[in-house]
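Because the structure is predicted, anything quoted here is derived from the model rather than measured. Positions are given from 1, in the same order as the sequence printed here.
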Amino acid sequence: MSESPFPAVPAPDLEARREAVARYEALAVPAGGLGVLADLGLWLASVQGVCPPRPPVRARVVVVAADHGIAAAGVSAYPPEVTARQVAATLEQSAPVAVAAAVSGASVRVVDAGLDREATLPGQERFKVRRGSGRIDREDALTAAEVENAVRIGRALADEEVDSGADLLVPASLGVGATTPASTLVAAVTGAEPVAVVGRGSGIGDDAWMRKAAAIRDALRRAKPHVRDPHALLRTAGGADLAVLTGFLVQAALRRTPVLLDGLVVGAAGLLADELAPGAHQWWLAAQHSPEPAMTLVLQHLQLVPVLDLQVRHGDGTGAVAVLPLVQAAALLLGETATAEASGIAPVRAVSG
């Protein structure tokens, strides 16, 4: 793999984290009393570079939609045309992510990176990589030029969101068959065998599971010569959405913007983003544990511990926005809970004999 074209990823603020640790120790709560909520506060302080941290009030979900040629192999419970219907439901605010986002005040944006039709969303032409993608068990998903363009589009999307005031990003995906290329990429990066990454995706039965396993096996055979080259992996076994999300995650880290990571497609893009820009994962918080076996490998590889075990398989960001209120609460707990000194609440000191 050639030298990374990206600048070095900055590290989260260690001093702000130290201040947060000291502040927790001064609160009028038992040691360790806030559990994982304290961990969330520490993470938020470090990625914001300030203590106490601010509750995210302009969280933005960016759903990247694309069709995949591998869907023709019968690897999904749904026909390919369902992707466009899922996009329509999200725009109509009846999809799970749109419903759940309303609870935390997050807003949702949908981007057509690779639906198998002409760009129909207003102003979307500049984000369109191509119509669909190649069937990865037989041919490349994208051309090299399309990969470069897709990564550039993802970076531009992240810049747009940060420049417009987003203080937390939730990348997400929609695409029938998308977990097949995602699982292939995870196997390629982690060295796992195909059978170790095959999940139920859209809720497939045993026959479709076997077709999916065969598709991943054949795609992985094509991808293996490129395991050290993220761009080549995206070309051979990825897709427009995966490449756009990879660029998005890289740029979010370069812009020092926290990300809630959720969903296998986003997780696979995260693996490649961290390969392209080492240390990018420090800016990400794993929202929840997915039942997809490949996502478990992603989290292990990136050394991320999910906040909750919601078992949400849907990749549209629903799991992440469900966790967002906890992140907001963690910020308030650190900033507004009384200290032991101010409240007069302090543990009994041991008396020496």
Side-chain angles (χ1 to χ4, degrees), residues 8-60 104-106 162 165-170 249-250 252-262 267 270 273-274 277-289 298-310 319-352:
V9 174
D13 192 323
L14 186 58
E15 183 56 35
R17 183 183 177 88
R18 291 194 187 102
E19 291 179 18
V21 170
R23 186 174 179 88
Y24 272 122
E25 291 175 348
L27 297 182
V29 295
L34 292 178
V36 173
L37 290 174
D39 296 334
L40 296 182
L42 296 177
W43 175 77
L44 199 56
S46 67
V47 294
Q48 289 184 353
V50 63
C51 178
R54 303 174 297 273
V57 294
R58 298 196 67 179
R60 183 73 153 166
S104 58
V162 175
D167 53 9
L168 184 144
L169 295 172
V170 179
L249 285 164
V250 167
L254 292 175
R255 294 294 303 271
R256 302 172 180 263
T257 304
V259 167
L260 276 182
L261 202 72
D262 180 41
D274 201 60
H281 72 276
Q282 298 174 89
W283 295 89
W284 310 336
L285 179 71
Q288 58 100 28
H289 193 281
V298 167
L299 298 177
Q300 291 172 348
H301 191 85
L302 294 175
Q303 298 182 317
L304 297 175
V305 179
V307 177
L308 295 177
D309 187 7
L310 295 177
V321 294
V323 170
L324 181 55
L326 294 179
V327 177
Q328 295 166 327
L332 291 174
L333 285 168
L334 184 54
E336 300 182 10
T337 300
T339 64
E341 181 179 3
S343 64
I345 299 173
V348 177
R349 294 181 180 179
V351 178
S352 57

### Task
Please report the C-alpha distance between Leu260 and Val307 in whole Å, then the side-chain angles of each, then the deciding distance to 0.1 Å, and finally whether the side-chain contact (heavy atoms from CB on, under 4.5 Å) criterion is met.
CA-CA 10 Å; Leu260 276 182; Val307 177; 5.8 Å; no
### Thr257 vs Leu168, side-chain contact (heavy atoms from CB on, under 4.5 Å): CA-CA, chis, key distance, verdict
CA-CA 6 Å; Thr257 304; Leu168 184 144; 5.9 Å; no
### Task
Evaluate side-chain contact (heavy atoms from CB on, under 4.5 Å) for Leu308 paired with Leu326, printing each intermediate quantity in order.
CA-CA 10 Å; Leu308 295 177; Leu326 294 179; 3.8 Å; yes
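Here CG of Asp309 is found 8.0 Å from CD of Gln288. Values are rounded to the nearest 0.5 Å. Annotation: the span from Leu40 atom CG to Leu333 atom CG amounts to 10.0 Å, rounded to 0.5 Å.
Considering only heavy atoms from C-beta on, Pro258 stays 4.5 Å or farther from Leu285 through its side chain.
No donor-acceptor pair closer than 3.5 Å links the side chain of Gln282 to the backbone N or O of Pro12. The backbone N or O of Gly319 sits less than 3.5 Å from a side-chain atom of Asp262, completing a donor-acceptor pair. No donor-acceptor pair closer than 3.5 Å links the side chain of Asp13 to the backbone N or O of Val47. Here the side chain of Trp283 pairs no donor or acceptor atom with the backbone of Leu249 at under 3.5 angstrom.
Minimum heavy-atom separation, Leu44 to Arg54: CD2-O, 3.7 Å. Of all the heavy atoms in Ala16 and Ala45, the pair that sits closest is CB-O, 3.5 Å. The nearest pair of heavy atoms linking Ser46 to Arg17 is CB-CB, 4.1 Å. When all heavy atoms of Leu332 and Pro55 are compared, the pair lying nearest together is CD2-CG, 3.5 Å. Closest approach of Tyr24 and Leu37 over heavy atoms only: OH-O, 3.5 Å. Nearest heavy-atom pair, Asp167 versus Ala59, reported as atom, atom and distance to 0.1 Å: OD1-N, 3.4 Å.
Residue pairs meeting the salt bridge (charged side-chain N to carboxylate O under 4.0 Å, His left out) criterion with at least one member in residues 19-39: none, sequence neighbours excluded.
Heavy-atom contacts from other residues, nucleotides or ligands closer than 6.0 Å to CD of Glu15 number more than 12.
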